[in-house]
Amino acid sequence: MTAKPSLFKRLQQFWICADLGLIHNRRERRMRILASLVMLIMGVIWAVFFALRGAWGMVVMDMVLILSGLTVFTLTWRQHVRSANLVLFSVLLVIISGMAAILDVPNATAPRATHLYLLPLGVAALMAFRDENLGLRYGVTSLCLLIFTVLAATSWTPLPGYSLPDDVRESGTWVQTCAAMLMLFALLHVLQTDAAERSELESELQKALARKQFELYYQPQVDSTGRVIGAEALLRWQHPERGLVSPAEFIEHAEQTGLIIPIGQWVLETACAQLRAWAQIPSHRALCLAVNISQKQFCQSGFVAEVLALITRYEIDASRLQLELTETMVVDDMEDLTRKMSMLVEHGVTFALDDFGTGYSSLSHLKRLPLSKLKIDQSFVFDALTDANSETIIRTVIALGQSMGLSVIAEGVETQAQQQFLLNSGCLQFQGYLLSRPLPLEAFSAFTQAHNS
Ligand code: C2E
Ligand code: CA
Ligand code: CA
(Lines give C-alpha, C1' and ligand atoms only; values in the text may rest on other atoms or scores of the structure.)
(Ligands and ions follow the chains in the order given, each with its own letter.)
Protein backbone atom coordinates (compact mmCIF):
# COMPACT_ATOMS: atom_id res chain seq x y z
CA MET A 1 0.00 0.00 0.00
CA THR A 2 1.46 3.40 -0.98
CA ALA A 3 1.21 6.18 1.60
CA LYS A 4 0.21 9.66 0.53
CA PRO A 5 3.42 11.71 0.08
CA SER A 6 4.22 14.28 2.78
CA LEU A 7 4.04 18.00 2.05
CA PHE A 8 7.85 18.08 1.97
CA LYS A 9 7.89 15.28 -0.61
CA ARG A 10 5.27 17.07 -2.71
CA LEU A 11 7.27 20.30 -2.55
CA GLN A 12 10.38 18.39 -3.58
CA GLN A 13 8.57 16.78 -6.52
CA PHE A 14 7.13 20.18 -7.41
CA TRP A 15 10.64 21.63 -7.70
CA ILE A 16 12.39 18.63 -9.23
CA CYS A 17 9.37 17.84 -11.38
CA ALA A 18 10.53 14.23 -11.22
CA ASP A 19 8.38 12.60 -13.83
CA LEU A 20 6.93 15.51 -15.61
CA GLY A 21 8.71 15.50 -18.85
CA LEU A 22 11.31 17.14 -20.90
CA ILE A 23 14.25 18.98 -19.43
CA HIS A 24 12.98 22.25 -20.88
CA ASN A 25 9.61 21.76 -19.12
CA ARG A 26 11.46 21.33 -15.86
CA ARG A 27 13.65 24.34 -16.54
CA GLU A 28 10.67 26.47 -17.45
CA ARG A 29 8.79 25.35 -14.36
CA ARG A 30 11.71 26.32 -12.14
CA MET A 31 11.95 29.69 -13.88
CA ARG A 32 8.24 30.26 -13.21
CA ILE A 33 8.62 29.30 -9.54
CA LEU A 34 11.61 31.65 -9.20
CA ALA A 35 9.76 34.46 -10.98
CA SER A 36 6.75 34.09 -8.68
CA LEU A 37 8.99 34.12 -5.59
CA VAL A 38 10.83 37.23 -6.86
CA MET A 39 7.46 38.91 -7.46
CA LEU A 40 6.40 38.07 -3.91
CA ILE A 41 9.63 39.23 -2.27
CA MET A 42 9.98 42.41 -4.38
CA GLY A 43 6.31 43.19 -3.78
CA VAL A 44 6.71 42.94 -0.01
CA ILE A 45 9.96 44.98 0.07
CA TRP A 46 8.58 47.76 -2.14
CA ALA A 47 5.23 47.78 -0.31
CA VAL A 48 7.03 48.39 3.02
CA PHE A 49 9.33 50.99 1.38
CA PHE A 50 6.46 52.98 -0.11
CA ALA A 51 4.16 52.52 2.90
CA LEU A 52 6.80 54.16 5.13
CA ARG A 53 6.78 57.13 2.73
CA GLY A 54 3.00 57.26 2.55
CA ALA A 55 2.94 56.61 -1.24
CA TRP A 56 -0.26 54.55 -1.08
CA GLY A 57 -0.78 54.43 -4.85
CA MET A 58 2.53 52.56 -5.14
CA VAL A 59 1.58 50.27 -2.25
CA VAL A 60 -1.53 49.23 -4.18
CA MET A 61 0.65 48.40 -7.21
CA ASP A 62 2.91 46.29 -4.95
CA MET A 63 -0.13 44.45 -3.61
CA VAL A 64 -1.02 43.56 -7.19
CA LEU A 65 2.52 42.26 -7.61
CA ILE A 66 2.27 40.14 -4.44
CA LEU A 67 -1.13 38.72 -5.44
CA SER A 68 0.14 37.95 -8.94
CA GLY A 69 3.20 36.18 -7.51
CA LEU A 70 0.91 34.05 -5.34
CA THR A 71 -1.37 33.32 -8.32
CA VAL A 72 1.52 32.26 -10.56
CA PHE A 73 2.89 30.02 -7.80
CA THR A 74 -0.50 28.36 -7.21
CA LEU A 75 -1.16 27.86 -10.92
CA THR A 76 2.30 26.31 -11.35
CA TRP A 77 1.66 24.05 -8.36
CA ARG A 78 -1.58 22.88 -9.95
CA GLN A 79 0.13 22.44 -13.31
CA HIS A 80 -1.99 25.07 -15.08
CA VAL A 81 1.05 26.05 -17.13
CA ARG A 82 -0.76 28.17 -19.70
CA SER A 83 -2.70 30.24 -17.17
CA ALA A 84 0.45 30.68 -15.03
CA ASN A 85 2.31 32.02 -18.08
CA LEU A 86 -0.52 34.33 -19.08
CA VAL A 87 -0.75 35.85 -15.59
CA LEU A 88 3.03 36.11 -15.25
CA PHE A 89 3.63 37.85 -18.56
CA SER A 90 0.67 40.21 -18.47
CA VAL A 91 1.50 41.37 -14.92
CA LEU A 92 5.22 41.82 -15.63
CA LEU A 93 4.51 43.64 -18.88
CA VAL A 94 2.15 46.10 -17.16
CA ILE A 95 4.36 46.61 -14.12
CA ILE A 96 7.64 47.08 -16.02
CA SER A 97 6.01 49.42 -18.55
CA GLY A 98 4.25 51.34 -15.75
CA MET A 99 7.42 51.75 -13.71
CA ALA A 100 9.44 52.80 -16.76
CA ALA A 101 6.83 55.33 -17.91
CA ILE A 102 5.88 56.80 -14.52
CA LEU A 103 8.83 56.45 -12.13
CA ASP A 104 11.76 56.41 -14.54
CA VAL A 105 11.14 59.40 -16.84
CA PRO A 106 14.39 60.36 -18.64
CA ASN A 107 15.88 63.86 -18.64
CA ALA A 108 19.21 65.50 -19.55
CA THR A 109 20.81 64.22 -16.32
CA ALA A 110 19.65 60.63 -16.07
CA PRO A 111 18.51 58.32 -18.88
CA ARG A 112 15.71 55.75 -18.56
CA ALA A 113 16.73 52.14 -17.74
CA THR A 114 13.71 50.20 -16.38
CA HIS A 115 12.38 49.61 -19.91
CA LEU A 116 15.45 47.41 -20.61
CA TYR A 117 13.76 44.59 -18.64
CA LEU A 118 11.30 44.34 -21.53
CA LEU A 119 14.08 42.74 -23.62
CA PRO A 120 14.61 39.66 -21.39
CA LEU A 121 10.83 39.51 -20.89
CA GLY A 122 10.34 39.30 -24.68
CA VAL A 123 12.90 36.48 -24.96
CA ALA A 124 11.30 34.61 -22.02
CA ALA A 125 7.90 34.93 -23.77
CA LEU A 126 9.34 33.25 -26.86
CA MET A 127 10.19 30.26 -24.68
CA ALA A 128 7.06 30.19 -22.54
CA PHE A 129 4.63 30.43 -25.47
CA ARG A 130 6.71 28.28 -27.80
CA ASP A 131 3.95 25.73 -28.32
CA GLU A 132 1.04 28.18 -28.49
CA ASN A 133 -0.72 29.55 -31.55
CA LEU A 134 1.11 32.10 -33.69
CA GLY A 135 -0.71 35.07 -32.11
CA LEU A 136 0.52 34.24 -28.61
CA ARG A 137 3.87 32.88 -29.71
CA TYR A 138 4.97 36.10 -31.37
CA GLY A 139 2.33 38.53 -30.03
CA VAL A 140 3.70 38.84 -26.48
CA THR A 141 7.30 39.25 -27.66
CA SER A 142 6.26 41.82 -30.29
CA LEU A 143 4.32 43.77 -27.66
CA CYS A 144 7.37 43.80 -25.35
CA LEU A 145 9.57 45.09 -28.19
CA LEU A 146 7.02 47.68 -29.28
CA ILE A 147 6.66 49.13 -25.78
CA PHE A 148 10.45 48.98 -25.40
CA THR A 149 10.90 51.00 -28.60
CA VAL A 150 8.38 53.66 -27.56
CA LEU A 151 9.94 54.02 -24.10
CA ALA A 152 13.51 54.03 -25.50
CA ALA A 153 12.75 56.69 -28.10
CA THR A 154 10.64 59.14 -26.05
CA SER A 155 10.46 60.76 -22.64
CA TRP A 156 6.68 60.37 -22.65
CA THR A 157 4.90 59.78 -19.34
CA PRO A 158 1.18 59.45 -18.61
CA LEU A 159 1.57 60.88 -15.06
CA PRO A 160 4.11 63.72 -14.95
CA GLY A 161 5.53 64.55 -11.53
CA TYR A 162 5.86 61.02 -10.15
CA SER A 163 9.39 60.37 -11.42
CA LEU A 164 11.96 59.26 -8.82
CA PRO A 165 14.66 61.83 -7.91
CA ASP A 166 17.54 62.14 -10.41
CA ASP A 167 20.28 61.00 -7.98
CA VAL A 168 18.37 57.73 -7.31
CA ARG A 169 17.81 57.17 -11.03
CA GLU A 170 21.42 58.02 -11.97
CA SER A 171 22.93 55.27 -9.81
CA GLY A 172 19.93 53.05 -10.58
CA THR A 173 20.66 53.29 -14.32
CA TRP A 174 23.89 51.31 -13.95
CA VAL A 175 22.34 48.68 -11.68
CA GLN A 176 19.23 48.28 -13.85
CA THR A 177 21.17 48.10 -17.11
CA CYS A 178 23.61 45.50 -15.76
CA ALA A 179 20.76 43.39 -14.28
CA ALA A 180 18.68 43.54 -17.48
CA MET A 181 21.67 42.64 -19.67
CA LEU A 182 22.61 39.73 -17.40
CA MET A 183 19.04 38.44 -17.59
CA LEU A 184 19.04 38.83 -21.36
CA PHE A 185 22.31 36.91 -21.65
CA ALA A 186 21.08 34.08 -19.37
CA LEU A 187 17.79 33.78 -21.25
CA LEU A 188 19.46 33.75 -24.68
CA HIS A 189 21.71 30.97 -23.42
CA VAL A 190 18.70 28.96 -22.17
CA LEU A 191 16.85 29.57 -25.45
CA GLN A 192 19.78 28.30 -27.48
CA THR A 193 20.36 25.22 -25.24
CA ASP A 194 16.67 24.46 -25.38
CA ALA A 195 16.55 24.50 -29.17
CA ALA A 196 19.60 22.21 -29.34
CA GLU A 197 18.03 19.73 -26.88
CA ARG A 198 14.76 19.69 -28.78
CA SER A 199 16.34 18.86 -32.10
CA GLU A 200 18.49 16.21 -30.41
CA LEU A 201 15.41 14.61 -28.85
CA GLU A 202 13.65 14.65 -32.20
CA SER A 203 16.45 12.83 -33.97
CA GLU A 204 16.75 10.39 -31.04
CA LEU A 205 13.03 9.59 -31.28
CA GLN A 206 13.36 8.97 -35.00
CA LYS A 207 16.26 6.59 -34.35
CA ALA A 208 14.31 4.89 -31.54
CA LEU A 209 11.51 4.11 -33.96
CA ALA A 210 13.86 2.79 -36.64
CA ARG A 211 15.89 0.74 -34.12
CA LYS A 212 12.78 -0.70 -32.44
CA GLN A 213 13.58 0.75 -29.01
CA PHE A 214 9.91 1.25 -28.11
CA GLU A 215 8.09 -1.29 -25.99
CA LEU A 216 4.59 -1.64 -24.58
CA TYR A 217 3.94 -2.16 -20.88
CA TYR A 218 0.57 -3.40 -19.71
CA GLN A 219 -1.18 -2.10 -16.62
CA PRO A 220 -3.90 -4.46 -15.36
CA GLN A 221 -7.47 -3.22 -15.01
CA VAL A 222 -9.46 -5.23 -12.48
CA ASP A 223 -13.09 -5.54 -11.43
CA SER A 224 -14.49 -5.49 -7.90
CA THR A 225 -13.74 -9.21 -7.44
CA GLY A 226 -10.06 -8.73 -8.31
CA ARG A 227 -10.38 -10.36 -11.69
CA VAL A 228 -8.27 -8.87 -14.51
CA ILE A 229 -10.66 -7.60 -17.17
CA GLY A 230 -8.11 -5.89 -19.36
CA ALA A 231 -5.06 -3.69 -19.55
CA GLU A 232 -3.94 -0.27 -20.64
CA ALA A 233 -1.04 -0.35 -23.10
CA LEU A 234 1.56 2.18 -21.99
CA LEU A 235 4.50 3.14 -24.14
CA ARG A 236 8.09 2.84 -22.89
CA TRP A 237 11.35 3.76 -24.56
CA GLN A 238 14.27 1.42 -23.95
CA HIS A 239 16.97 4.05 -24.29
CA PRO A 240 20.45 2.55 -24.79
CA GLU A 241 22.02 4.91 -22.21
CA ARG A 242 19.17 6.29 -20.11
CA GLY A 243 17.38 2.97 -19.59
CA LEU A 244 13.59 2.83 -19.52
CA VAL A 245 12.16 6.26 -20.38
CA SER A 246 8.59 7.20 -19.42
CA PRO A 247 6.24 8.55 -22.12
CA ALA A 248 5.82 11.71 -20.03
CA GLU A 249 9.39 12.52 -21.14
CA PHE A 250 8.74 12.38 -24.86
CA ILE A 251 5.05 12.11 -25.86
CA GLU A 252 4.51 15.86 -25.79
CA HIS A 253 7.53 16.40 -28.00
CA ALA A 254 6.46 13.60 -30.32
CA GLU A 255 3.09 15.35 -30.66
CA GLN A 256 4.66 18.68 -31.47
CA THR A 257 6.96 17.26 -34.13
CA GLY A 258 4.35 14.95 -35.67
CA LEU A 259 6.41 11.88 -34.74
CA ILE A 260 3.42 10.74 -32.70
CA ILE A 261 1.84 9.53 -35.97
CA PRO A 262 4.37 6.76 -36.74
CA ILE A 263 4.84 6.04 -33.01
CA GLY A 264 1.05 5.79 -32.55
CA GLN A 265 0.78 3.49 -35.57
CA TRP A 266 3.41 1.24 -34.04
CA VAL A 267 1.52 1.18 -30.71
CA LEU A 268 -1.77 0.31 -32.41
CA GLU A 269 -0.22 -2.43 -34.50
CA THR A 270 1.62 -3.93 -31.49
CA ALA A 271 -1.61 -3.82 -29.46
CA CYS A 272 -3.57 -5.60 -32.21
CA ALA A 273 -0.83 -8.24 -32.55
CA GLN A 274 -1.02 -8.74 -28.78
CA LEU A 275 -4.81 -9.13 -28.83
CA ARG A 276 -4.43 -11.79 -31.48
CA ALA A 277 -1.88 -13.65 -29.33
CA TRP A 278 -4.16 -13.39 -26.26
CA ALA A 279 -7.09 -14.80 -28.24
CA GLN A 280 -5.19 -18.13 -28.25
CA ILE A 281 -4.81 -18.23 -24.43
CA PRO A 282 -7.98 -19.19 -22.49
CA SER A 283 -7.20 -17.00 -19.43
CA HIS A 284 -6.45 -14.01 -21.69
CA ARG A 285 -9.14 -14.44 -24.33
CA ALA A 286 -11.65 -12.08 -22.72
CA LEU A 287 -9.17 -9.27 -22.01
CA CYS A 288 -9.73 -5.79 -23.42
CA LEU A 289 -6.71 -3.73 -24.38
CA ALA A 290 -6.92 0.04 -24.03
CA VAL A 291 -4.69 2.12 -26.29
CA ASN A 292 -4.00 5.85 -25.84
CA ILE A 293 -4.69 7.86 -28.96
CA SER A 294 -3.26 11.32 -29.35
CA GLN A 295 -5.23 14.13 -30.91
CA LYS A 296 -2.93 14.48 -33.92
CA GLN A 297 -3.18 10.76 -34.57
CA PHE A 298 -6.96 10.73 -34.38
CA CYS A 299 -7.26 13.78 -36.64
CA GLN A 300 -5.37 12.01 -39.46
CA SER A 301 -7.74 11.50 -42.35
CA GLY A 302 -6.74 7.84 -42.69
CA PHE A 303 -7.10 6.97 -38.99
CA VAL A 304 -10.35 4.98 -39.21
CA ALA A 305 -9.17 3.02 -42.25
CA GLU A 306 -5.88 2.27 -40.50
CA VAL A 307 -7.58 0.85 -37.41
CA LEU A 308 -10.03 -1.21 -39.46
CA ALA A 309 -7.17 -2.55 -41.61
CA LEU A 310 -5.30 -3.69 -38.48
CA ILE A 311 -8.41 -5.41 -37.10
CA THR A 312 -8.80 -7.30 -40.37
CA ARG A 313 -5.11 -8.11 -40.73
CA TYR A 314 -4.79 -9.50 -37.21
CA GLU A 315 -8.27 -11.06 -37.29
CA ILE A 316 -9.10 -9.77 -33.83
CA ASP A 317 -12.44 -9.27 -32.13
CA ALA A 318 -12.78 -5.48 -32.48
CA SER A 319 -14.69 -5.24 -29.19
CA ARG A 320 -11.46 -6.18 -27.38
CA LEU A 321 -9.81 -3.01 -28.64
CA GLN A 322 -10.58 0.11 -26.61
CA LEU A 323 -9.33 3.50 -27.73
CA GLU A 324 -8.69 6.10 -25.03
CA LEU A 325 -9.39 9.69 -25.99
CA THR A 326 -8.96 12.70 -23.74
CA GLU A 327 -11.46 15.41 -22.92
CA THR A 328 -9.51 18.12 -24.77
CA MET A 329 -10.12 16.24 -28.01
CA VAL A 330 -13.86 16.30 -27.34
CA VAL A 331 -13.94 20.09 -27.13
CA ASP A 332 -11.93 20.64 -30.28
CA ASP A 333 -13.80 19.21 -33.27
CA MET A 334 -17.03 17.48 -32.32
CA GLU A 335 -18.27 16.79 -35.85
CA ASP A 336 -15.15 15.00 -37.06
CA LEU A 337 -14.75 13.23 -33.72
CA THR A 338 -18.31 11.87 -33.61
CA ARG A 339 -18.18 10.76 -37.26
CA LYS A 340 -14.91 8.86 -36.85
CA MET A 341 -15.92 7.33 -33.52
CA SER A 342 -19.26 6.14 -34.93
CA MET A 343 -17.56 4.49 -37.90
CA LEU A 344 -15.26 2.54 -35.58
CA VAL A 345 -18.03 1.72 -33.10
CA GLU A 346 -20.07 0.23 -35.98
CA HIS A 347 -17.24 -2.29 -36.36
CA GLY A 348 -17.20 -3.08 -32.62
CA VAL A 349 -14.35 -0.88 -31.37
CA THR A 350 -15.07 0.77 -27.99
CA PHE A 351 -14.05 4.16 -26.63
CA ALA A 352 -13.07 5.38 -23.17
CA LEU A 353 -12.80 9.01 -22.14
CA ASP A 354 -9.48 9.39 -20.34
CA ASP A 355 -8.60 11.87 -17.56
CA PHE A 356 -12.31 12.55 -17.17
CA GLY A 357 -13.13 15.58 -15.05
CA THR A 358 -10.00 17.55 -15.92
CA GLY A 359 -11.32 19.12 -19.13
CA TYR A 360 -14.33 21.18 -20.02
CA SER A 361 -16.52 18.84 -22.02
CA SER A 362 -20.18 19.67 -21.54
CA LEU A 363 -22.87 17.10 -20.90
CA SER A 364 -24.45 17.78 -24.29
CA HIS A 365 -21.11 16.97 -25.92
CA LEU A 366 -20.77 13.79 -23.90
CA LYS A 367 -24.26 12.62 -24.81
CA ARG A 368 -23.47 12.80 -28.52
CA LEU A 369 -20.35 10.65 -28.30
CA PRO A 370 -20.57 6.86 -28.68
CA LEU A 371 -18.54 6.20 -25.54
CA SER A 372 -18.40 2.99 -23.50
CA LYS A 373 -16.37 4.07 -20.52
CA LEU A 374 -15.38 7.05 -18.38
CA LYS A 375 -11.99 7.04 -16.67
CA ILE A 376 -11.94 9.04 -13.46
CA ASP A 377 -8.71 11.02 -13.52
CA GLN A 378 -6.05 9.99 -11.02
CA SER A 379 -5.81 13.49 -9.52
CA PHE A 380 -9.33 13.08 -8.06
CA VAL A 381 -8.57 9.58 -6.78
CA PHE A 382 -5.39 10.89 -5.16
CA ASP A 383 -7.37 13.52 -3.22
CA ALA A 384 -10.54 11.46 -2.76
CA LEU A 385 -10.18 11.00 0.99
CA THR A 386 -8.86 14.43 1.84
CA ASP A 387 -10.60 16.87 -0.48
CA ALA A 388 -14.36 17.32 -0.46
CA ASN A 389 -14.36 18.65 -4.05
CA SER A 390 -12.60 15.57 -5.41
CA GLU A 391 -14.97 13.36 -3.48
CA THR A 392 -17.98 15.15 -4.99
CA ILE A 393 -16.50 15.00 -8.49
CA ILE A 394 -15.91 11.26 -8.16
CA ARG A 395 -19.48 10.62 -6.97
CA THR A 396 -20.84 12.82 -9.77
CA VAL A 397 -18.80 11.05 -12.48
CA ILE A 398 -19.97 7.65 -11.22
CA ALA A 399 -23.62 8.79 -11.16
CA LEU A 400 -23.19 10.32 -14.61
CA GLY A 401 -21.72 7.10 -15.98
CA GLN A 402 -24.55 5.05 -14.48
CA SER A 403 -27.24 7.34 -15.88
CA MET A 404 -25.66 7.31 -19.34
CA GLY A 405 -25.15 3.55 -19.31
CA LEU A 406 -21.35 3.83 -19.36
CA SER A 407 -18.95 1.83 -17.27
CA VAL A 408 -16.64 3.81 -15.00
CA ILE A 409 -13.05 2.97 -14.14
CA ALA A 410 -10.89 4.77 -11.58
CA GLU A 411 -7.21 5.18 -12.40
CA GLY A 412 -4.35 5.94 -10.05
CA VAL A 413 -5.77 3.80 -7.23
CA GLU A 414 -2.89 3.58 -4.79
CA THR A 415 -4.40 2.65 -1.43
CA GLN A 416 -6.94 0.22 -0.09
CA ALA A 417 -8.84 3.12 1.48
CA GLN A 418 -9.19 4.79 -1.94
CA GLN A 419 -10.43 1.57 -3.50
CA GLN A 420 -12.94 1.06 -0.69
CA PHE A 421 -14.24 4.60 -1.08
CA LEU A 422 -14.61 4.11 -4.84
CA LEU A 423 -16.34 0.82 -4.35
CA ASN A 424 -18.76 2.33 -1.82
CA SER A 425 -19.47 5.11 -4.32
CA GLY A 426 -20.41 2.59 -7.00
CA CYS A 427 -17.22 2.36 -9.09
CA LEU A 428 -16.55 -1.25 -10.03
CA GLN A 429 -13.35 -1.11 -12.09
CA PHE A 430 -9.88 -0.09 -10.94
CA GLN A 431 -6.42 0.59 -12.28
CA GLY A 432 -3.48 1.70 -10.19
CA TYR A 433 -0.33 0.86 -8.28
CA LEU A 434 -2.37 -0.80 -5.51
CA LEU A 435 -3.28 -3.55 -7.95
CA SER A 436 -0.21 -3.44 -10.14
CA ARG A 437 2.23 -1.07 -11.81
CA PRO A 438 2.43 -1.23 -15.62
CA LEU A 439 4.21 -4.52 -16.39
CA PRO A 440 6.27 -5.93 -19.24
CA LEU A 441 4.40 -8.54 -21.26
CA GLU A 442 5.58 -11.68 -19.46
CA ALA A 443 4.95 -10.24 -16.00
CA PHE A 444 1.48 -9.09 -17.09
CA SER A 445 0.66 -12.57 -18.38
CA ALA A 446 1.80 -14.14 -15.11
CA PHE A 447 -0.27 -11.60 -13.15
CA THR A 448 -3.37 -12.35 -15.22
CA GLN A 449 -2.89 -16.09 -14.95
CA ALA A 450 -2.55 -15.81 -11.17
CA HIS A 451 -5.68 -13.67 -10.81
CA ASN A 452 -7.97 -15.22 -13.39
CA SER A 453 -7.57 -18.93 -12.82
P1 C2E B 1 -2.47 8.15 -18.93
O2 C2E B 1 -3.12 7.69 -20.18
O3 C2E B 1 -3.28 8.96 -18.00
O4 C2E B 1 -1.87 6.85 -18.24
C5 C2E B 1 -1.85 6.65 -16.88
C6 C2E B 1 -0.51 7.00 -16.28
O7 C2E B 1 -0.61 6.91 -14.88
C8 C2E B 1 0.59 6.06 -16.69
O9 C2E B 1 1.78 6.81 -16.73
C10 C2E B 1 0.63 5.08 -15.52
O11 C2E B 1 1.87 4.45 -15.36
C12 C2E B 1 0.35 6.02 -14.38
N13 C2E B 1 -0.25 5.33 -13.25
C14 C2E B 1 -0.99 4.21 -13.24
N15 C2E B 1 -1.38 3.88 -12.00
C16 C2E B 1 -0.91 4.84 -11.19
C17 C2E B 1 -0.99 5.06 -9.77
O18 C2E B 1 -1.58 4.32 -9.01
N19 C2E B 1 -0.38 6.20 -9.31
C20 C2E B 1 0.30 7.05 -10.12
N21 C2E B 1 0.87 8.10 -9.58
N22 C2E B 1 0.39 6.86 -11.46
C23 C2E B 1 -0.21 5.78 -11.97
P24 C2E B 1 2.79 6.64 -17.93
O25 C2E B 1 2.89 5.22 -18.36
O26 C2E B 1 4.04 7.36 -17.54
O27 C2E B 1 2.07 7.42 -19.09
C28 C2E B 1 1.91 8.80 -19.02
C29 C2E B 1 1.04 9.30 -20.13
O30 C2E B 1 1.67 9.14 -21.39
C31 C2E B 1 -0.27 8.54 -20.25
O32 C2E B 1 -1.16 9.04 -19.29
C33 C2E B 1 -0.68 8.86 -21.67
O34 C2E B 1 -1.29 10.12 -21.74
C35 C2E B 1 0.67 8.96 -22.36
N36 C2E B 1 0.90 7.71 -23.10
C37 C2E B 1 1.37 6.53 -22.67
N38 C2E B 1 1.43 5.64 -23.67
C39 C2E B 1 0.95 6.26 -24.76
C40 C2E B 1 0.75 5.88 -26.13
O41 C2E B 1 0.97 4.75 -26.54
N42 C2E B 1 0.24 6.83 -26.98
C43 C2E B 1 -0.06 8.10 -26.54
N44 C2E B 1 -0.56 8.99 -27.45
N45 C2E B 1 0.11 8.49 -25.27
C46 C2E B 1 0.62 7.58 -24.40
CA1 CA C 1 -4.79 6.57 -20.72
CA1 CA D 1 -5.40 8.98 -17.59
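Heavy atoms only: backbone and side chains are in, while hydrogens, waters and symmetry mates are out. Every number for a ligand or one of its atoms is a count from 1 in the order of the listing. For reference, positions follow the sequence shown, starting with 1.
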task = Mark the output for Glu232 as yes if a heavy-atom distance to ligand 1 is under 4.0 Å, and as no if none is.
result = yes
Contact atoms of ligand 1, heavy-atom distance to Ile251 under 4.0 Å = 43 (C), 45 (N), 46 (C)
key: Exercise check, heavy-atom protein proximity under 4.0 Å to atom 11 (O) of ligand 1   = yes
ask   = Short N/O distance, under 3.5 Å, between Leu235 and ligand 1?
value = yes
request  = State the atom name: nearest N, O or S atom of Asp355 to the Ca ion (ligand 3).
outcome  = OD1
ask   = Between Glu132 and Arg82, does at least one N-O distance fall below 4.0 Å, as a salt bridge requires?
value = yes
ask   = If we ignore angles and hydrogens, is there a donor and acceptor under 3.5 Å between the side chains of Lys373 and Gln429?
value = yes
ask   = Can you check whether Tyr433 reaches Gln219 side chain to side chain, under 4.5 Å on heavy atoms?
value = yes
query = If you look at Glu411, which of its N/O/S atoms is nearest to the Ca ion (ligand 3)?
reply = OE2
query = Which atoms of ligand 1 sit under 4.0 Å from any heavy atom of Arg236?
reply = 11 (O), 24 (P), 25 (O)
key: Asp354: its N/O/S atom lying closest to the Ca ion (ligand 3) (atom name)   = OD1
ask   = So between Asn292, Asp355, Ile293, whose heavy atom ends up nearest atom 39 (C) of ligand 1?
value = Asn292
message = Can you tell me which portion of Gln219 lies within the under-4.0 Å heavy-atom range of ligand 1? Options are side chain, backbone, both, or neither.
response = side chain
key: Within 6.0 angstrom of Met404 CE, more than 12 heavy atoms from elsewhere   = yes
ask   = Just wondering, is there an N, O or S atom on Thr326 that's nearer than 3.0 Å to the Ca ion (ligand 2)?
value = no
query = Would you say atom 2 (O) of ligand 1 touches the protein, meaning some protein heavy atom is under 4.0 Å from it?
reply = yes
inquiry  = Looking only at N, O or S atoms, which one in Glu232 sits nearest to the Ca ion (ligand 2)?
reply    = OE2
message = Between Arg285 and Asp317, does any NZ, NE, NH1 or NH2 come within less than 4.0 Å of an OD or OE carboxylate oxygen?
response = no
task = Ignoring hydrogens, just give me the one of Leu234, Thr358, Asp354, Leu216 whose non-hydrogen atom is nearest atom 8 (C) of ligand 1.
result = Leu234
key: Flag for His239-Glu204: side-chain donor and acceptor within less than 3.5 Å   = yes
query = Any luck finding a side-chain donor-acceptor pair between Glu411 and Gln431 under 3.5 Å?
reply = no
ask   = Can a donor-acceptor pair be found between the side chains of Gln256 and Arg198 at a distance below 3.5 Å?
value = yes
remark   = In this structure, atom 28 (C) of ligand 1 is nearest to the protein heavy atom Pro247 CG, 3.8 Å
query = Under 4.5 Å between any side-chain heavy atoms of Val81 and Arg32, yes or no?
reply = yes
ask   = Gln297: heavy atom below 4.0 Å from ligand 1, yes or no?
value = no
key: Under 3.0 Å: N/O/S of Glu324 next to the Ca ion (ligand 2)   = yes
request  = Return yes when Gly264 approaches ligand 1 closer than 4.0 angstrom through a heavy atom, no otherwise.
outcome  = no
inquiry  = Would you say CH2 of Trp46 has more than 12 non-hydrogen atoms from neighbouring residues, nucleotides or ligands within 6.0 angstrom?
reply    = no
inquiry  = Regarding Asn292 and Glu232, do their side chains bring together a donor and an acceptor under 3.5 Å, going by distance alone?
reply    = yes
task = Could you tell me whether the side chains of Glu202 and Thr257 share a donor-acceptor contact shorter than 3.5 Å?
result = no
message = I need the contact type for Val291 against ligand 1. Using non-hydrogen atoms and a strict under-4.0 Å cut-off, is it side chain, backbone, both or neither?
response = neither
task = Take atom 18 (O) of ligand 1 and look for protein heavy atoms under 4.0 Å from it; say yes if you find one, no if not.
result = yes
